[in-house]
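Chain A is the first sequence line, chain B the second, and so forth, proteins listed ahead of strands; every chain is numbered from 1. Atom set for the values below is all heavy atoms of this structure, side chains included, hydrogens, waters and symmetry mates excluded. The shown structure was predicted, so the numbers you read here are calculated from the model rather than taken from an experiment.
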There are 2 protein chains.
Amino acid sequence: MAEKTTIKRSRQRDAIVAFLKTRKDHPTADVVYQEIRTIIPNISLGTVYRNLAQLSERGDILRLPCDGKMDHFDADIRPHYHFICNRCGCVKDMELPYANNMDELAGNTFDGIITKHNLLFEGYCKECM
Amino acid sequence: MAEKTTIKRSRQRDAIVAFLKTRKDHPTADVVYQEIRTIIPNISLGTVYRNLAQLSERGDILRLPCDGKMDHFDADIRPHYHFICNRCGCVKDMELPYANNMDELAGNTFDGIITKHNLLFEGYCKECM
DNA sequence: TTAAAATTGATAATAATTACTATTTTCAAT
DNA sequence: ATTGAAAATAGTAATTATTATCAATTTTAA
């Protein structure tokens with residue numbers, strides 16, 4: 001039952017995490033791939049996808065769904081909201097306080113269990129205005 | 001400049017809108033396709049995608065992005081929030097009041113223009129609990 | 001009725017992501 | 001340090017959802 005699975009470190013995964021920590025712009029999988037390739041030239045794109053998925057499932061990074069566009073990834077795991085520019089596609093942090101009680105509040109009027117919420121703002125960033 | 005484009009009605013598009021209006025569960029494009037096929041057997045999947053895109057761009061229906069899963073479509077165009085079940089994937093309406101001032105509020109702490117926001121709740125529906 | 005433009009069905013193409021598999025790497029127990 | 005089982009990888013193939021293409025059909029204003 002309890003699928004015990006030992007996690008072993010890898011140079012590739014360490015590099016992905018280290019790279020994400022240097023960036024504030026929440027790169028996509030393909031950007032991570034291109035950048036890591038400058039360090040580990042023969043890393044596979046599948047490896048990048050696999051590790052981004054594993055890391056976000058473990059809670060070591062955040063996966064940011066962006067309304068149909070490609071997911072972005074964030075090494076800052078503190079819950080916070082994001083903005084996506086409809087022109088250039090950049091993703092930025094919002095300074096709004098995170099609504100910790102939002103799920104509980106929403107649950108009061110919902111027949112089921114609410115485990116989380118995702119709030120994404122859209123518009124145009126200052127560079128695109 | 002102003003791309004004036006006359007819209008002509010079509011049996012296929014009328015059928016898609018009519019179908020969506022009979023449903024409260026916000027179907028995906030492929031569900032729309034399967035259902036419309038019982039009325040118009042040789043309708044093309046491309047036609048369904050094309051019309052769902054056109055209709056949502058015109059504001060006649062809502063496109064609901066669902067955190068990486070397939071988009072769902074809603075004939076009820078009054079702004080409201082949604083929930084997606086992480087087990088069965090169903091999408092349901094939330095009864096929460098829509099925050100009309102959210103974009104303006106968020107704009108106060110953001111250097112750019114915010115045109116809209118998308119709030120999606122996740123968890124388990126009552127059938128899946 | 002007619003003709004220009006929108007729409008369609010059928011199919012091909014694309015883009016993003018996942019699956020597969022033989023090989024390599026990691027690491028706990030010797 | 002050595003070993004061996006499990007995890008991870010590179011490279012590639014396959015899949016999935018969606019969009020593009022285009023000749024033929026349909027719509028609608030004049």
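- Rounding to whole angstrom units, CD1 of residue B:Ile7 and P of D:dA29 are separated by 13 Å.
- Whole-Å rounding puts the B:Ile36 CD1 to C:dG9 C1' distance at 15 Å.
- Atom CZ of B:Arg58 sits in a crowded spot, with more than 12 heavy atoms from other residues, nucleotides or ligands closer than 6.0 Å.
- A:Leu45 comes within contact range of at least one nucleobase, with a heavy-atom separation under 4.0 Å.
- Along DNA chain D, the nucleotide closest to B:Met70 and the one closest to A:Gly46 are compared, and the more 5′ of them pairs with A:Gly46.
- For the pair B:Arg11 CZ and C:dT8 C1', the interatomic distance rounds to 12 Å; values are reported in whole Å.
- Distance, B:Gln54 CD to C:dA5 C1': 13 Å, rounded to whole Å.
- Residue contacts for A:Asn51: at a heavy-atom cut-off of 4.0 Å it reaches the sugar-phosphate backbone alone, with no base atom in range.
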Practice task
Could you go through the ring pair (Phe, Tyr, Trp, His ring centres under 6.0 Å) check for B:Phe110 and A:Phe121 one step at a time?
Solution key: CA-CA 10 Å; B:Phe110 183 76; A:Phe121 292 91; 8.4 Å; no
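- In this structure, the nucleotide among C:dG9, C:dT7, C:dT17 sitting nearest to the side chain of B:Arg13 is C:dT7.
- Picking from D:dT18, C:dG9, D:dA8 the nucleotide with the shortest atom distance to the side chain of B:Thr47 gives C:dG9.
- Distance B:Asp30 CG to D:dT19 C1': 16 Å, rounded to the nearest Å.
- Judged by closest nucleotide on DNA chain D, B:Asp71 is the one of B:Asp71 and B:Lys8 placed further toward the 5' end.
- One interatomic measurement links the two molecules: CZ of A:Arg9 to P of C:dA28, which rounds to 11 Å at whole-angstrom precision.
- The local environment of NZ in B:Lys69 is crowded, with over 12 non-hydrogen atoms from other residues, nucleotides or ligands closer than 6.0 Å.
- Between A:Gln12 and D:dA10 there is a side-chain N or O to OP1 or OP2 distance below 4.0 Å.
- As judged by a 4.0 angstrom heavy-atom cut-off over every strand, A:Arg50 is placed among the base-contacting residues.
- D:dT9 atom C1' lies 9 Å from atom CG of A:Asn42, rounded to whole Å.
- A pairwise comparison of heavy atoms in B:Ala106 and A:Leu96 identifies CB-CD1, 3.8 Å as the closest pair.
- Between B:Tyr49 and D:dT19 there is no side-chain N or O to OP1 or OP2 distance below 4.0 Å.
- Here B:Ser10 reaches the OP1 or OP2 of C:dT8: one of its side-chain N or O atoms lies under 4.0 Å away.
- Interface remark: the B:Ser44 side chain does form a donor-acceptor pair with the C:dA10 base, using a distance-only criterion of under 3.5 Å.
- Rounded to a whole Å, the CD1 atom of A:Ile43 is 14 Å from the C1' atom of C:dT25.
- Heavy-atom contacts from other residues, nucleotides or ligands closer than 6.0 Å to NZ of B:Lys116 number 12 or fewer.
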